[in-house]
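See structure below.
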Amino acid sequence: MTYLAKAILLCAALSVAACTNGGRFGGGNGADGANGANGGYGANGGMVPGSASDPASPLYFQQSVGDRILFLVDQSTLTDEARFTLDGQVRWLNSNPDYSAVVEGHADEQGTREYNLALGARRANAVMEYLVAKGVSPARLRTISYGKERPIAICSEESCYAKNRRAVTVLAAGSGM
Amino acid sequence: MTRLTRPSTIFAALIALTTACLPGVLTAQSGPLRIEITEGVIEPLPYAIPAFVPENPAAGQLASQLSRVVADDLTGTGLFREIPTSAHIGSITSFSSPVQYADWKAINAEALITGAVAVNGDQVTVKFRLYDVFSGQELGSGLQFNGTQNGWRRMAHKVADAVYTRITSEDAYFDSRVVFVAENGPKDERRKRLAIMDYDGANVQYLTDSSSIVLAPRFSPSGDRVLYTSYESGVPRIYLLDVASVGRRVLNTGVGDMSFSPRFSPDGQTVVYSVTQGGNTDIYRMNISSGQSTRLTSAPSIETAPSFSPDGSRIVFESDRSGGQQLYIMSANGGEPERISFGEGRYGTPVWSPRGDMVAFTKQSKGRFHIGVMRTDGSGERLLTASFLDEGPTWSPNGRVIMFARETQGASGASALYSVDVTGRNLKRVPTEGGASDPAWSPLQR
């Protein structure tokens with residue numbers, strides 16, 4: 001419940017960002033990205049107002065790094081925005097080796113159940129491959145697909161579908177599995 | 001209570017009644033009383049079914065309930081039209097008395113069904129006769145079914161099956177069950193559990209709780225086992241469930257991050273399914289008793305939703321190797337598949353018909369979903385439904401009716417089961433107490 005509520009709030013925030021400047025990290029948001037690029041030593045609570053202040057916290061990962069990326073209809077290719085977010089995830093994961101992660105792949109409701117399961121797996125795998133290519137140990141990562149079984153936005157319009165076509169990197173305590 | 005138990009068998013021994021069994025029994029083909037199920041518009045056949053006669057006081061209520069279920073079965077097909085009892089002139093007070101054909105002719109009943117019910121302790125006996133009113137003859141011999149009180153609806157379905165078969169000369173489907181996913185809650189908090197019910201929605205029994213997501217159950221050819229996908233272990237895995245004991249075990253499919261979309265072979269010995277490994281989904285088959293598996297496809301695309309032909313020699317499945325979901329047929333041993341769908345849009349969830357002549361599928365085109373059928377060479381495509389989201393067809397045992405799930409649009413959208421004739425006629429909702437999806441129709445019960 002609380003996770004879902006958070007996820008919905010976060011999504012709402014992301015969609016506002018997308019509306020105002022055409023990209024989650026365009027414009028003013030770029031400052032956050034620059035801070036993130038400095039990694040552990042550059043980040044501090046004061047630089048990211050309104051979010052979890054401890055850069056080593058999962059909450060910081062969720063809210064400031066960004067725990068999810070979005071996909072185009074029926075696609076599993078990573079957009080430039082997605083790569084940007086994932087680069088932040090790589091830095092965070094490398095700075096916080098005591099965490100492992102499950103990458104969850106999801107699809108919107110506009111597809112058949114089996115295909116969407118397979119599509120969600122493709123999306124989760126695209127994220128995992130990217131994280132591994134950038135230096136995260138594969139032993140710390142695994143994937144799961146939920147297909148269209150776990151939407152976070154429930155309207156039957158593109159605004160909701162866009163939020164549901166996602167891969168979410170969910171942290172877990174422990175350095176490997 | 002009663003919904004948890006079913007009689008293991010009904011004495012389906014079709015005991016021909018000795019009385020009034022005319023020599024040279026009429027067959028459905030020889031008389032005028034016949035429905036030929038064709039593509040064209042048909043006029044439903046008018047029939048009368050007076051309440052069955054209770055043969056002892058204990059049978060009083062059951063007799064009329066039983067004849068009601070027979071009528072619901074027949075009328076529900078859209079092929080028969082019941083003449084209401086309020087319009088009847090004649091009445092049947094004794095199962096063995098001669099029928100006054102004129103009384104039934106006068107109300108334009110072409111067929112008359114009479115029956116009698118006796119109850120002795122837990123034992124129920126049902127007898128029925130079918131009459132061709134206009135030729136003034138009995139159609140076939142009278143039949144008798146024996147069963148238990150709990151199984152009374154099955155006996156009604158067996159009577160309706162016999163009537164349907166005599167008049168249409170086709171196999172029937174009323175004494176069958178449906179396994180499905182019962183759903184509750186909003187889209188973002190939906191709870192799912194496996195359930196089984198009679199084909200008409202009666203006698204619902206839940207097979208799992210809603211602690212894990214469960215998907216797409218499929219019956220074994222004899223209806224005694226169910227394959228399904230569950231997140232019980234944390235990731236999607238295929239489970240095999242025994243319907244009678246509700247015991248289940250995971251199928252060890254060996255490789256892969258997840259396994260799903262299972263279906264039995266026609267002999268019940270083999271499972272064909274999808275495995276996802278490293279983000280890529282392919283089709284495998286596995287011998288259930290030996291656990292030995294074979295990979296059937298090796299492509300970087302998504303290959304899923306496999307379904308055997310009734311003779312077990314071929315498999316129809318969906319693949320997006322061409323860029324979008326399309327239907328393909330390959331040998332049951334793998335090898336180069338042949339694409340059969342070429343229309344506009346995306347085609348998925350193919351299911352081979354029990355007659356072997358057609359494939360039912362889900363089609364997405366221009367933002368709408370359809371249930372459709374095509375011949376196995378891809379010709380003769382016909383869309384039977386259209387809605388915001390129709391998905392996952394399953395065939396009635398006789399290949400005449402298709403059941404599927406329909407999800408409504410929007411934040412309060414919910415899923416329900418519907419059925420439609422393979423002709424596209426007679427679209428109707430199958431009653432379930434909550435939401436429902438992923439139906440799979442059993443074979444005719446024995």
Side-chain angles (χ1 to χ4, degrees), chain A residues 1 3-5 7-8 11 73-77 102-130 132 138 141-161 163-164 167 170 172 177, chain B residues 181 186-190 192 213-216 229 231 234-236 256-258 260-261 273-282 300-306 317-320 323-325 346-349 361-364 367 369 388-392 405 407-413 437-438:
Chain A
M1 269 306 277
Y3 170 74
L4 270 175
I8 290 167
C11 252
V73 177
D74 200 19
Q75 294 296 312
S76 57
T77 25
V102 179
V103 182
E104 298 179 352
H106 298 268
D108 66 32
E109 71 183 352
Q110 290 188 301
T112 48
R113 200 174 309 288
E114 294 85 350
Y115 182 82
N116 278 355
L117 263 186
L119 179 60
R122 255 185 194 167
R123 287 172 173 165
N125 189 66
V127 168
M128 175 159 161
E129 282 188 346
Y130 188 87
V132 169
L141 300 172
R142 65 183 179 89
T143 60
I144 184 172
S145 173
Y146 285 100
K148 61 174 172 176
E149 304 304 317
R150 287 285 180 264
I152 51 166
I154 59 173
C155 71
S156 294
E157 288 151 29
E158 175 53 26
S159 61
C160 286
Y161 296 158
K163 293 170 194 162
N164 292 334
V170 180
M177 334 216 152
Chain B
V181 173
K187 281 181 180 177
D188 57 347
E189 246 179 289
R190 193 154 285 175
K192 295 188 166 192
I213 303 172
V214 288
L215 305 173
T229 303
Y231 282 69
V235 293
D257 307 321
M258 66 173 182
F260 63 105
S261 195
Y273 55 96
S274 273
V275 164
T276 302
Q277 192 165 22
N280 180 38
T281 301
D282 273 301
S301 41
I302 290 173
E303 275 72 37
T304 190
F317 65 99
E318 61 169 82
S319 167
D320 69 347
Q325 279 170 284
R346 298 162 63 176
Y347 295 78
T349 75
F361 53 83
T362 305
K363 180 173 182 173
Q364 284 168 264
F369 278 72
F388 167 69
L389 210 176
D390 286 350
E391 179 178 2
E407 176 115 15
T408 50
Q409 194 167 359
S412 59
S437 63
D438 293 2

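Throughout, a chain's letter reflects where its sequence line sits, starting with A, and its residues are numbered from 1. In what follows, every heavy atom counts, from backbone to side chain, and hydrogens, waters and symmetry copies are set aside.
Across B:Leu389, B:Thr229, B:Leu215, the residue that shares the most heavy-atom pairs under 4.5 angstrom with chain A is B:Leu215. If you tally non-hydrogen atom pairs under 4.5 Å between each of B:Glu303, B:Gln325, B:Glu318 and chain A, the highest count goes to B:Gln325. With respect to chain A, the highest number of heavy-atom pairs below 4.5 Å among B:Arg190, B:Arg346, B:Glu407, B:Met258 belongs to B:Arg346. Interface summary for chain A: among B:Thr281, B:Asp320, B:Thr349, the most heavy-atom pairs under 4.5 angstrom belong to B:Asp320. With chain A as partner, the option from B:Val235, B:Ile213, B:Thr276, B:Ile302 having the largest number of non-hydrogen pairs under 4.5 angstrom is B:Ile302.
Here the CD1-CG distance, from A:Ile154 to B:Asp188, works out to 4.5 Å after rounding to the nearest 0.5 Å. Here the CD atom belonging to A:Gln110 is positioned 6.5 Å from the CZ atom belonging to B:Phe388, to the nearest 0.5 angstrom. Taking CD1 from A:Ile144 and CG from B:Asp257, the interatomic distance works out to 10.0 Å, rounded to the nearest 0.5 Å. Rounding to the nearest 0.5 Å places CG of A:Leu117 at 8.5 Å from OG of B:Ser261.
For A:Asn125 (side chain) and B:Gly278 (main-chain N/O), a donor-acceptor pair under 3.5 Å exists by modelled atom type.
The shortest heavy-atom contact between A:Ser145 and B:Pro236 is O-CG, 4.0 Å. Smallest separation of non-hydrogen atoms from B:Pro300 and A:Arg122: O-NH2, 4.2 Å.
Between B:Glu391 and A:Lys148 there is a salt bridge, with a side-chain nitrogen of the basic residue lying less than 4.0 Å from a carboxylate oxygen of the acidic one. Using a cut-off of 4.0 Å between Lys/Arg side-chain N and Asp/Glu carboxylate O, B:Lys192 and A:Glu149 are scored as salt-bridged.
Neither the backbone nor the side chain of B:Asn280 comes within less than 4.5 Å of any heavy atom in chain A. Contacts between A:Asn164 and chain B at a heavy-atom distance below 4.5 Å are absent for every atom of the residue. Both the backbone and the side chain of B:Gln409 come within contact range of chain A, judged by heavy atoms closer than 4.5 Å. For A:Glu157, no part sits under 4.5 Å from any heavy atom of chain B, backbone or side chain.
At least one test fails for A:Arg113 against the ring of B:Phe260: distance under 6.0 Å to the centre or angle within 45° of the axis.
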Could you give me the CA-CA distance, side-chain angles and deciding distance for B:Gln364 and A:Tyr115, then say whether side-chain contact (heavy atoms from CB on, under 4.5 Å) is met?
CA-CA 12 Å; B:Gln364 284 168 264; A:Tyr115 182 82; over 6 Å; no

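A donor atom on one side chain and an acceptor atom on the other are found under 3.5 Å apart for A:Ser156 and B:Lys187.
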